[in-house]
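Worksheet: the structure to be examined is printed underneath.
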Protein chains: 2
Amino acid sequence: MSRSSTGYHHGDLRRALLEAGAALLEEQAPARVSLREVARRAGVSHAAPYHHFGDRGGLLKAIGDACMGDFLARQEDAAAAEGDPADRLVALGEAYVSFAAERPHAFALVFDPELCPPQDPSPERAPLIARNEDLLAECVAAWLTARGRGLEDLEALSTAFWGAVHGLAALVGEGQLGREQVAPALRALVR
Amino acid sequence: MSRSSTGYHHGDLRRALLEAGAALLEEQAPARVSLREVARRAGVSHAAPYHHFGDRGGLLKAIGDACMGDFLARQEDAAAAEGDPADRLVALGEAYVSFAAERPHAFALVFDPELCPPQDPSPERAPLIARNEDLLAECVAAWLTARGRGLEDLEALSTAFWGAVHGLAALVGEGQLGREQVAPALRALVR
DNA sequence: CGTCGGTCTTGACGGTGTAAAGATCCCGGT
DNA sequence: ACCGGGATCTTTACACCGTCAAGACCGACG
């Protein structure tokens, strides 16, 4: 079960399909990545993917899990920086937005409710979501205490900040906003 | 060119297709509304739509224009209410979000960059967009002056508020957020 | 009354997702 | 050593989709 392709049996088809699908996703929107094209790029027949992922949704969901990992990793890098809590919050937001700007289709996939249903996420994805929520709440809490405010509004402010950051990211990813408009908006938000 | 369907010539096919498409959009995501199903529901052959809309994208774009009209109308109703500028801002946001919650597929269509490109919007849509931006800026400006602040941050704060409201709407429409989480978040935002 | 142009239908093509059946190969038990 | 079972991959087939080309139909205008 190694990497050698012995002709008939591929050896590592699952990974190859995931990579081909991810590559395709960088070029086209999730709705446009087709099972058959992914199989074509992986050099196998169009029905081969069915053994590893139940159907098209399964493949896209698995790709979405990988994208979610990248997405979280970028946010953690940004939030790991030292500095003023307000700057950290802005950095987290800019990381969120920059992912959506640079990989709009991956971003769209991660939040596609049909492909990646937020209810009962995959076992691989659930911890990433939890970690992301913790990261957000932690940054907001640090910002609150740095401003001498209590934590009674933590939840409301966390979802508000998530909303703001997610909205800016979506608008940039959809081409409604220029990327240069994001930083001023974020700075205005954290006062 | 009236409403009678004389058997062969429909008489008002364009409107009928728009209505059938809009109805289908209430049930399914934009990616899943098919030209053929719309034609089926309108009682015509599968190629009939091509005379009125160039292709599938044309039909979806026209439906999207209508949805944008509904969307703007709802925001204007909300912002027309009297009261504290902060409350007006919250009301505008809740109208924005409630549209996304009640008609998630219409909301998704309006902001779909492939179907409804934000660059060179249709002549029917452009004034709606402009009106919407004015409405937002006006509400934010009133809120700013009510709080005794100058208007130097108007643009940044307008896009920040747009982002927040759009993000909350998207997250609710995608099922990531419960609708009951929105109002507290909005109130926390306007302080 | 004829014919002309717009409206709608029919039929075809290539692409898609999916299911069923067949081919091929690896692996474990004898 | 071998051979049989099960996993992997291919082939074939079907229904649906968007799109195009050709034809049928009808209203309107000469």
Side-chain angles (χ1 to χ4, degrees), chain A residues 1-25 27-64 105 109 112 114-117, chain B residues 1-25 27-64 105 109 112 114-117:
Chain A
M1 50 155 72
S2 188
R3 73 193 63 113
S4 72
S5 86
T6 70
Y8 205 100
H9 280 21
H10 182 285
D12 207 1
L13 223 205
R14 185 183 167 91
R15 188 181 320 274
L17 289 169
L18 283 175
E19 284 171 11
L24 197 50
L25 186 66
E27 307 167 17
Q28 291 181 333
R32 295 196 138 169
V33 336
S34 79
L35 259 190
R36 291 173 107 110
E37 175 65 18
V38 171
R40 223 171 279 134
R41 295 202 181 189
V44 293
S45 85
H46 64 265
Y50 279 80
H51 245 276
H52 300 274
F53 313 91
D55 57 356
R56 190 190 110 103
L59 173 59
L60 271 296
K61 196 181 305 190
I63 297 173
H105 306 135
L109 173 58
D112 187 309
E114 316 222 334
L115 268 6
C116 299
Chain B
M1 48 148 83
S2 187
R3 74 192 63 113
S4 71
S5 86
T6 69
Y8 206 100
H9 279 22
H10 182 285
D12 205 1
L13 222 207
R14 185 182 167 91
R15 189 181 318 273
L17 289 170
L18 283 175
E19 286 172 10
L24 196 51
L25 187 67
E27 307 167 16
Q28 293 181 332
R32 293 195 150 176
V33 337
S34 78
L35 259 189
R36 291 175 107 110
E37 175 65 21
V38 172
R40 223 171 279 135
R41 295 203 183 189
V44 293
S45 84
H46 64 265
Y50 277 78
H51 243 277
H52 299 274
F53 313 91
D55 57 357
R56 191 189 110 104
L59 173 60
L60 270 296
K61 197 181 306 192
I63 297 175
H105 305 136
L109 173 58
D112 188 311
E114 317 223 334
L115 269 6
C116 299

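Just so we're on the same page: letters track the sequence lines, and every chain starts at 1. Keep in mind that this is a model prediction, so the values were computed, not measured.
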Let me have a per-nucleotide readout for nucleotides 14-21 of chain C, 5' to 3', with B, S or -, counting only protein heavy atoms under 4.0 Å.
--BBBB--
To the nearest Å, how far apart are A:His51 NE2 and C:dA23 C1'?
12 Å
Do any pairs count as a salt bridge (charged side-chain N to carboxylate O under 4.0 Å, His left out) and have a residue in residues 13-22 of chain B, sequence neighbours left out, and if so which ones?
B:Asp12-B:Arg15
Looking at A:His52, does any N or O in its side chain come under 4.0 Å of the phosphate oxygens OP1/OP2 on D:dC9?
yes
Mind calculating the distance between CG (A:Asp12) and P (D:dC9) to the nearest angstrom?
10 Å
Using whole Å, what does the distance between atom C1' of nucleotide D:dA15 and atom CZ of B:Arg32 come to?
16 Å
Nearest non-hydrogen partners of B:Leu17 and B:Ala42, listed with the distance
CD2-CB, 3.8 Å
Nearest-Å distance, CZ (B:Phe53) to C1' (C:dC8)?
15 Å
Please, which pairs that meet salt bridge (charged side-chain N to carboxylate O under 4.0 Å, His left out) have at least one residue in residues 43-63 of chain A, sequence neighbours excluded?
none
How many whole angstroms separate atom CG of A:Leu13 from atom C1' of C:dC26?
15 Å
Please list, chain by chain and in numerical order, all residues satisfying side chain to side chain contact (heavy atoms under 4.5 Å, CB included) with B:Ala23, sequence neighbours excluded.
none
Can you name the residues that form a side chain to side chain contact (heavy atoms under 4.5 Å, CB included) with A:His105, not counting sequence neighbours?
A:Leu25, A:Ala29, A:Pro30
Separation of D:dT19 P from B:Leu60 CG (nearest whole Å)
10 Å
Under the salt bridge (charged side-chain N to carboxylate O under 4.0 Å, His left out) rule, what pairs show up with a residue in residues 38-50 of chain A, not counting sequence neighbours?
A:Glu27-A:Arg41, A:Glu37-A:Arg40, A:Glu37-A:Arg41
